[in-house]
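Working notes for the structure below.
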Amino acid sequence: MVKPLKMTALRRETTIGSSGRRQRGEPMEDVFIMSRLVKLDVKWTGLHKADNKFNHWGHSNPYYELIMVIDGPVYLQVEEERLVLQSGECLLLTPWQQHKGWRTPEPATSFFWAQFTADPAPIHSEAAGSLKQSLQLFRRHHQDLRTAEDVDEEPILVLRRYLPERRFEILIWFEKLVAEMKQPTGNFRFRSTILMLQIVQALSDNLLKRHQWDTPLPATYLTYRELVNYLNEHYTLTITRHMLEYRFQRKYEYLCQLFNKYSASTFTRYLQQLRIQRAQYLLRRHPEATIETVAQEVGIQDPFYFSKVFKQITGTSPSQFRNRAEGEQRRELTD
């Protein structure tokens with residue numbers, strides 16, 4: 001089992017070669033920005049205990065590597081930078097980053113390590129204020145819309161070096177991860193991925209909490225979500241001002257402002273997108289249906305207006321879209 005952590009103060013001794021020098025005790029806002037849809041694949045894990053051999057040669061590998069100290073301090077040199085990592089501290093290394101010990105380790109020194117791939121690759125930024133800028137991306141709500149094209153606007157943020165509050169919990173997950181890879185059975189890679197994601201989530205959650213970004217979302221956002229869901233379920237109807245005011249017990253103008261605030265769009269535009277999204281499916285699935293039938297099916301009674309809106313959103317007419325879809329289906333059958 002993981003030994004209790006020594007509750008020592010966080011200490012940083014960092015020297016940077018030609019890139020300059022930062023003051024003691026002032027870590028850079030050195031953040032990795034991960035996709036919330038990231039695919040993690042754990043390759044190797046282990047438990048390293050005090051060993052002078054670690055100081056004799058440099059280590060590097062083609063994977064990301066997360067180190068978490070069980071008993072510190074750990075004297076680790078990464079490229080030109082000398083670090084003193086304390087108990088519970090985490091460090092994320094990039095692929096092929098050279099690292100080794102730079103000082104004789106204390107007898108009880110030990111740390112977990114895990115090497116993994118990440119797709120898409122995290123964005124590593126050391127720019128001043130990069131963490132603050134990244135946090136501004138955290139709460140975007142365009143992906144709540146069914147028609148949203150970019151569904152990956154909400155990043156997972158992990159500092160390169162961090163002493164998390166939930167370190168005991170993370171150490172337990174790390175211990176389980178090492179055990180999974182040491183004695184693999186059945187779906188061990190799948191279980192390892194889940195454990196790695198839990199570790200990354202905990203590190204990110206700690207960071208958000210530290211910057212007070214883990215607070216509950218406002219009641220207005222919940223109302224917006226209800227509004228989006230209502231439109232998703234009733235877009236084939238003629239939705240009137242009175243219907244919305246009665247359903248949400250709010251003035252129509254307020255609902256319009258709320259929707260625009262979180263979606264950067266309008267009711268009319270979103271309803272049109274929902275109807276055309278459904279129409280595209282129908283044109284592909286039922287090539288025998290007339291344009292008028294498809295238009296009525298999605299809630300637009302005038303086929304000429306339907307064609308106009310369809311072209312505005314897709315850049316092509318319904319007939320052209322259907323012909324192109326039929327051509328693609330024929331090619332798939334012949335391939």
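- Ile313 has its side chain within reach of Gln273: a pair of non-hydrogen atoms, C-beta onward, lies under 4.5 Å apart.
- The ring pair (Phe, Tyr, Trp, His ring centres under 6.0 Å) search around His286 returns none, not counting sequence neighbours.
- When hydrophobic clusters are built by joining Ile, Leu, Val, Met, Phe, Trp and Tyr residues whose side-chain heavy atoms come closer than 4.5 Å, directly or via intermediates, Tyr270 is grouped together with Tyr254.
- Of all non-hydrogen atoms in Val178 and Gly46, the two that sit nearest each other are CG2-O, 3.9 Å.
- Rounding to the nearest 0.5 angstrom, the gap separating the OH atom in Tyr224 from the CG atom in Leu255 is 13.0 Å.
- Judged by distance alone, with hydrogens and angles left aside, the side-chain atoms of Asp71 form no donor-acceptor pair with the main-chain N or O of Thr109 at under 3.5 Å.
- Between the Ser87 side chain and the Gly72 main chain, a donor and an acceptor come within less than 3.5 Å of each other.
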Q) Would Leu157 and Ile33 count as a side-chain contact (heavy atoms from CB on, under 4.5 Å) if you check the C-alpha gap in whole Å, the side-chain angles of each, and the deciding distance to 0.1 Å? A) CA-CA 5 Å; Leu157 307 176; Ile33 306 171; 4.0 Å; yes

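- Side-chain contact between Pro318 and Phe306 is present, with at least one heavy-atom pair separated by less than 4.5 Å.
- When atom types are taken as modelled, the side chain of Trp44 and the backbone of Met181 share no donor-acceptor pair closer than 3.5 angstrom.
- Within the 4.5 Å cutoff, the side chain of Thr316 has heavy atoms near those of the Phe310 side chain.
- With a 4.5 Å cut-off on side-chain heavy atoms, Leu92 and Phe32 count as touching.
- Of the possible donor and acceptor atoms, one in the side chain of Asn206 sits under 3.5 Å from a partner among the backbone N and O of Ala202.
- Checked against ring pair (Phe, Tyr, Trp, His ring centres under 6.0 Å), Trp57 has the following partners two or more places apart in sequence or in another chain: His59.
- For Phe304, the CZ atom counts as loosely surrounded, since its 6.0 Å shell holds 12 or fewer non-hydrogen atoms of other residues, nucleotides or ligands.
- Under the 4.5 Å side-chain criterion, counting only non-hydrogen atoms from C-beta, Phe188 is not in contact with Gln183.
- Between the CG atom of Leu227 and the CG atom of Leu231 there is a distance of 5.0 Å, given to the nearest 0.5 Å.
- Within a 6.0 Å radius of NZ in Lys43, more than 12 heavy atoms belonging to other residues, nucleotides or ligands are found.
- Contact annotation: the side chain of Arg167 approaches that of Met68 to within less than 4.5 Å [non-hydrogen atoms, C-beta and beyond].
- Contact record, Tyr162 with Pro164: O-CD, 3.3 Å, taken as the closest heavy-atom pair.
- The shortest side-chain heavy-atom distance between Phe259 and Val228 falls under the 4.5 Å cut-off.
- Applying the side-chain hydrogen bond (donor to acceptor under 3.5 Å, both in side chains) test to residues at least two apart or on different chains, the pairs with a partner in residues 234-251 are Arg241-Glu253.
- Atom OG1 in Thr45 sits 12.5 Å away from atom CZ in Phe116 (nearest 0.5 Å).
- Applying side chain to side chain contact (heavy atoms under 4.5 Å, CB included) to Arg225 and the options Leu217, Thr220, Asp144 leaves one that passes, Asp144.
- Residues Val309 and Leu274 do not share a hydrophobic cluster, defined by chaining ILVMFWY side chains whose heavy atoms lie under 4.5 Å apart.
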Q: Before giving the answer on side-chain contact (heavy atoms from CB on, under 4.5 Å), spell out for Leu91 and Glu89 the whole-Å C-alpha distance, their side-chain angles and the decisive distance to 0.1 Å.
A: CA-CA 7 Å; Leu91 179 71; Glu89 198 166 2; over 6 Å; no

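- The side-chain heavy atoms of Met196 and Leu66, taken from C-beta on, include a pair separated by under 4.5 Å.
- Remark: Arg161 does not engage Asp30 in a salt bridge, criterion side-chain N to carboxylate O under 4.0 Å.
- The minimum heavy-atom distance linking Ser110 with Leu47 is given by the pair CB-CD1, 4.3 Å.
- One hydrophobic cluster, built from ILVMFWY side chains closer than 4.5 Å, cannot hold both Tyr281 and Leu271; they sit in different ones.
- Residues Gly88 and Leu163 approach most closely at C-CD1, 3.5 Å, considering heavy atoms.
- Looking only at distances, no side-chain donor or acceptor of Gln77 sits under 3.5 Å from a matching main-chain atom of Lys100.
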Identify each donor-acceptor pair in which a side-chain atom of residues 287-297 lies under 3.5 Å from a protein atom, sequence neighbours left out, and give them as a table.
unit_1: Thr290; atom_1: OG1; unit_2: Thr293; atom_2: N; d: 3.1
unit_1: Thr290; atom_1: OG1; unit_2: Thr293; atom_2: OG1; d: 2.7

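- Contacts classified as salt bridge (charged side-chain N to carboxylate O under 4.0 Å, His left out) and involving residues 188-206 (residues at least two apart or in different chains) are given here: Arg166-Asp205, Glu180-Arg191.
- In this structure, Trp113 and Ile67 approach most closely via the heavy-atom pair CB-CG1, 4.2 Å.
- Between Phe267 and Tyr252, the two ring planes are tilted [angle within 30° to 60°].
- Following chains of ILVMFWY side-chain contacts shorter than 4.5 Å, one can reach Leu145 starting from Ile239, so the two form part of one hydrophobic cluster.
- With rounding to the nearest 0.5 angstrom, the CD atom of Gln272 is 7.5 Å from the CD1 atom of Ile276.
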Q.
For Tyr64 and Leu40: C-alpha separation, side-chain torsions, deciding distance, then whether side-chain contact (heavy atoms from CB on, under 4.5 Å) applies.
A. CA-CA 10 Å; Tyr64 289 92; Leu40 301 181; over 6 Å; no

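- Listed by first and then second residue, the salt bridge (charged side-chain N to carboxylate O under 4.0 Å, His left out) pairs involving residues 260-276 amount to none (not counting sequence neighbours).
- The CZ atom of Arg322 sits 11.0 Å away from atom CG of Leu282, with the distance rounded to the nearest 0.5 Å.
- Taking each heavy atom of Tyr262 and Tyr221 in turn, the nearest pair found is OH-N, 3.4 Å.
- To the nearest 0.5 Å, the span separating CG on Leu283 from CD on Gln280 amounts to 8.0 Å.
- Side-chain polar atoms of Gln320 and Ser317 form a donor-acceptor pair below 3.5 angstrom.
- By the rule that hydrophobic residues join a cluster once side-chain heavy atoms approach within less than 4.5 Å of another member, Ile199 and Ile194 end up as members of separate clusters.
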